[in-house]
> 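Before we start, here is the structure in question, set down as structure tokens.
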Amino acid sequence: MSDFAREHLAEVMAGLAGIDRAEALKSLTVPREPSHGDYAFPCFRLGKNAPAVSADLAARFKPTPLLARAESKGPFLNFFLEPTAFAREVLTRAFQAGDAYGSSSAGAGKTVVLDYSAPNIAKPFSIGHLRSTVIGGALYRLFQSQGYRVVGINHLGDWGTQFGSMMYAWGRWGDEAELAEHGVAALKDLYVLEQRLEKAKDAAEWAAQVPGWLEDGVALPRIADLYRRTLAELKAGEEPEAQARAWFRRLETGDPEARALWDKFRAISLSEFDRVYRRLGIHFDEPTPADLVPGGTTKLNLYLGESFYNDKMEAVVQEARARNLAVESQGALIIDLEKWKMPPVLLLKSDGGTTYHTRDLASATYRAMTFGVADGGGMLLYVVGADQRDHFRQLFKALELLGLPWAKDCRHLDFGLVRMKTEEGASAKMSTRRGRGVLLADVLDRGVEFTRRILEERNLPQERKDAIAQAVGVGAVVFNDFKARRGKDVDFEWSRVLDYDPETKSFKGETGPYLQYMHTRLTSILRKYDKAVVADVDFARLSEPEEAALVKLVHAFPGVLRMATEECEPSIVAGYVLDVAGRFSSYYHDRDRHKVISEDAGLSAARVLLCAGLRQVLASGLRVLGVTPLEEM
RNA sequence: GCCCCCGUAGCUCAACCGGAUAGAGCAUCGGAUUUCUAAUCCGAGGGUUGCAGGUUCGACUCCUGCCGGGGGUACCA
């Protein structure tokens, strides 16, 4: 299924002008000016005298059931759809397909391995990870809609020297009661305390920062006491960085105490992540039991995080050595990429430890083998921030040099950085190490809280209000990430994420709530229509130009999903649903001219069917993006 | 220094892979509500698409240079 009118026209055009059908399809455009027609074909490439060619083609054009006429206007050949037949085709298809409308089987037999979210356990689940999570979730559903088999992988940052920092901090400041009460927020505080301690030039500088932390919403209530105590210990010559490294070495060498701490931290973080994923409707695919970490007994190992590859890295290093790719340099083992003007891939550090390069080489290989990508049957996609562009260029080049043919099927789907507005008004990259960063759960909670305030005045049962508040608050935050193309950087500002007007108590503009609201309007019309919606209506009754425009939007949906999938760009869907909602809203408000349900039964039936089509594409589009379509709000 | 990305209305972004008169939201100003639920709608103002060249029938889109912003630049990930 597809935007069939366009393909039909390409067929006609190919026959008319004697050109390739694909070429015709590529050249077809939609005139900006509606009176120029529904489609336009620029004739410049068909001859020196484009206006003459256009006129000739127009004269030879024979109408089809779907295409009423062709008009030459200068060098352009403009086509006009037969509106009744077009509306019948579009609305019948949408009605009959239901939730399947817009899906296709273009990707049948192909597998997409999608790496997304990947929060770091030692760090908070911040709004930076939100982007990867919601973009990844949308891409997951997009590829699914096009018939691909999708494997969602959460490459958790659950390994690395950062855990040494955590363990050291835990030994120094940790408190079971606080951990139980604050969970991951307490872990974050521990990590931040330690990182600032490493960064600070001396104890005095570190101490000077502490009062500010209290205002940053740090969870640990004992913090003021902590820093006084730590000051004394620092003066005794303690070196936090060295101790953190020592702790990680213990973890790597299988020290039981370190391992127990690692399990504990990981479990606390994962239960928090799971809560967030449930709220966002995010799903990852579970590996088979055989894929689990050796010795791993909890279900929390299902995410295939970095630790999963601990026993798979040696093979990569061996392979690089065997192919004479790996060379010694400054005491480390690297793959040199100087020829491609890139820094080297670091396989083994000078202390013999592995790096994230090593792990990513191992994970890519594992995925390609396990999920059938190595046979050329799919793709490995990484939804990771733009700051890691070089990393992935290096990674893919290294895979290529390792002689892996599927290296060409790897792609980094980068997205713009989330930056915080600083006090000075400038924006800066968020950094957990410096303690900046906004917790995702807080953002979601704040969205839900705003919504709850609006709903107070509604006459709805409390339990409905709770569910709506969740869906609207979360929808506002989620949709915000799709307003711009994923490559754009975003400055994090509360007022932009939640464009909430306290005076009118409403969300404004191009927002998730706006879209959800329009969906409730459509459903309430369909609810109010007491007869069953049928496809057998008089389509000629949809004669208003606004109605023709709406039919075109319903028609466009399959193409929108296809293009969004091809370009891995969910914002295309976002722009589309905004278009649908906006046009419908205008239509809906012009009650004098086109009230949907009226005395005129035939007219009502036709308009109701149109609304059913609009509701269908709006609901499907929202679901793809991870925004819940609502029936009332 | 080198590599990569981005410059479109005051702000945040679109523009159907090079097509006709560059469009939305926010903000500002002015209107609309005995309703198919106002978390809405209608209207107005607002542009030398960073600058300068080039490619061609045609450039926001492609190429070169410059200016400005951001990111990266082997033992964090």
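What you are looking at is a predicted structure, and each value in this text was computed from that prediction instead of being measured. So you know, we letter chains A, B, ... as the sequences are listed, proteins then strands, and number each from 1.
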> When all nucleic acid strands are considered with a 4.0 Å heavy-atom cut-off, which category describes Lys48(A): base, sugar-phosphate, or nothing?
nothing

> Within a strict 4.5 Å, meaning less than it, do heavy atoms of the Leu348(A) and Thr354(A) side chains meet?
yes

> Going by the rule salt bridge (charged side-chain N to carboxylate O under 4.0 Å, His left out), which residues pair with Asp20(A) if we only count those two or more places apart in sequence or in a different chain?
none

> Measure from the side-chain heavy atoms of Ser524(A) and tell me the nearest of C4(B), G7(B), U37(B).
U37(B)

> Tell me whether Asp351(A) is salt-bridged to Arg245(A), with the criterion being a basic N under 4.0 Å from an acidic carboxylate O.
no

> What residues, two or more places apart in sequence or in another chain, satisfy side chain to side chain contact (heavy atoms under 4.5 Å, CB included) together with Lys508(A)?
Asp499(A), Asp501(A), Ser506(A)

> Less than 4.0 angstrom from a charged side-chain N to a carboxylate O is my criterion; do Arg45(A) and Glu23(A) meet it?
no

> How would nucleotides 15-20 of chain B be written as a contact map, 5' to 3', with B for base contact, S for sugar-phosphate-only contact and - for no contact, using protein heavy atoms under 4.0 Å?
SBB-BB

> Look at the side chain of Arg453(A) and the base of A39(B), then say whether one donor and one acceptor between them are separated by less than 3.5 Å.
no

> Got a sec, which pairs hit ring pair (Phe, Tyr, Trp, His ring centres under 6.0 Å) with one end in residues 337-361 of chain A, sequence neighbours left out?
Tyr356(A)-His391(A), His357(A)-His391(A)

> Using the test side chain to side chain contact (heavy atoms under 4.5 Å, CB included), find all partners of Gln470(A) that sit at least two apart in sequence or belong to another chain.
Arg279(A), Val448(A), Val474(A)

> Taking only residues two or more places apart in sequence, or in another chain, which ones meet Ala362(A) in a side chain to side chain contact (heavy atoms under 4.5 Å, CB included)?
Tyr309(A), Lys312(A), Met313(A), Val316(A)

> Taking only Watson-Crick and G-U wobble pairs with both distances under 3.5 Å, what dot-bracket line describes RNA chain B, where [ ] shows pairs that cross earlier ones and | shows pairs with another strand?
(((((((..((((.....[...)))).(((((.......))))).....(((((..]....))))))))))))....

> Regarding Lys595(A) and Asp590(A), does a basic nitrogen lie under 4.0 Å from an acidic carboxylate oxygen?
no

> Going by heavy atoms closer than 4.0 Å, what residues in residues 573-581 of chain A are next to RNA chain B?
none

> Just call it for Arg393(A): base, sugar-phosphate, or nothing, with non-hydrogen atoms closer than 4.0 Å on any strand.
sugar-phosphate

> When you measure only distances, ignoring hydrogens and angles, does the side chain of Ser329(A) come within 3.5 Å of the base of A74(B) through a donor and an acceptor?
yes

> Using a heavy-atom cut-off of under 4.0 Å over every strand shown, decide if Glu632(A) touches base, sugar-phosphate, or nothing.
base

> Suppose the criterion is salt bridge (Lys or Arg N to Asp or Glu O under 4.0 Å): which pairs have a residue in residues 597-607 of chain A, not counting sequence neighbours?
Arg541(A)-Asp600(A), Glu547(A)-Arg607(A)

> Ignoring hydrogens and angles, answer whether the base of A77(B) and the side-chain atoms of Tyr356(A) contain a donor-acceptor pair closer than 3.5 Å.
yes

> In plain terms, say whether Glu632(A) and Arg464(A) are close enough for a salt bridge, that is, a side-chain N and a carboxylate O under 4.0 Å apart.
yes

> With a non-hydrogen cut-off below 4.0 angstrom, is Tyr588(A) in contact with a base, only sugar-phosphate, or nothing?
base

> Within residues 594-603 of chain A, find the residues that approach RNA chain B with a heavy atom at under 4.0 Å, and present them sorted by residue number.
His594(A), Lys595(A), Val596(A), Ile597(A)

> Answer with base, sugar-phosphate or nothing: what part of the nucleic acid does Arg359(A) contact at a heavy-atom distance below 4.0 Å?
sugar-phosphate

> Thr133(A): what forms a side-chain hydrogen bond (donor to acceptor under 3.5 Å, both in side chains) with it, not counting sequence neighbours?
Ser117(A)

> Apply side chain to side chain contact (heavy atoms under 4.5 Å, CB included) to Arg389(A) and list each qualifying residue two or more places apart in sequence or on a separate chain.
Ala386(A), His412(A), Asp414(A)

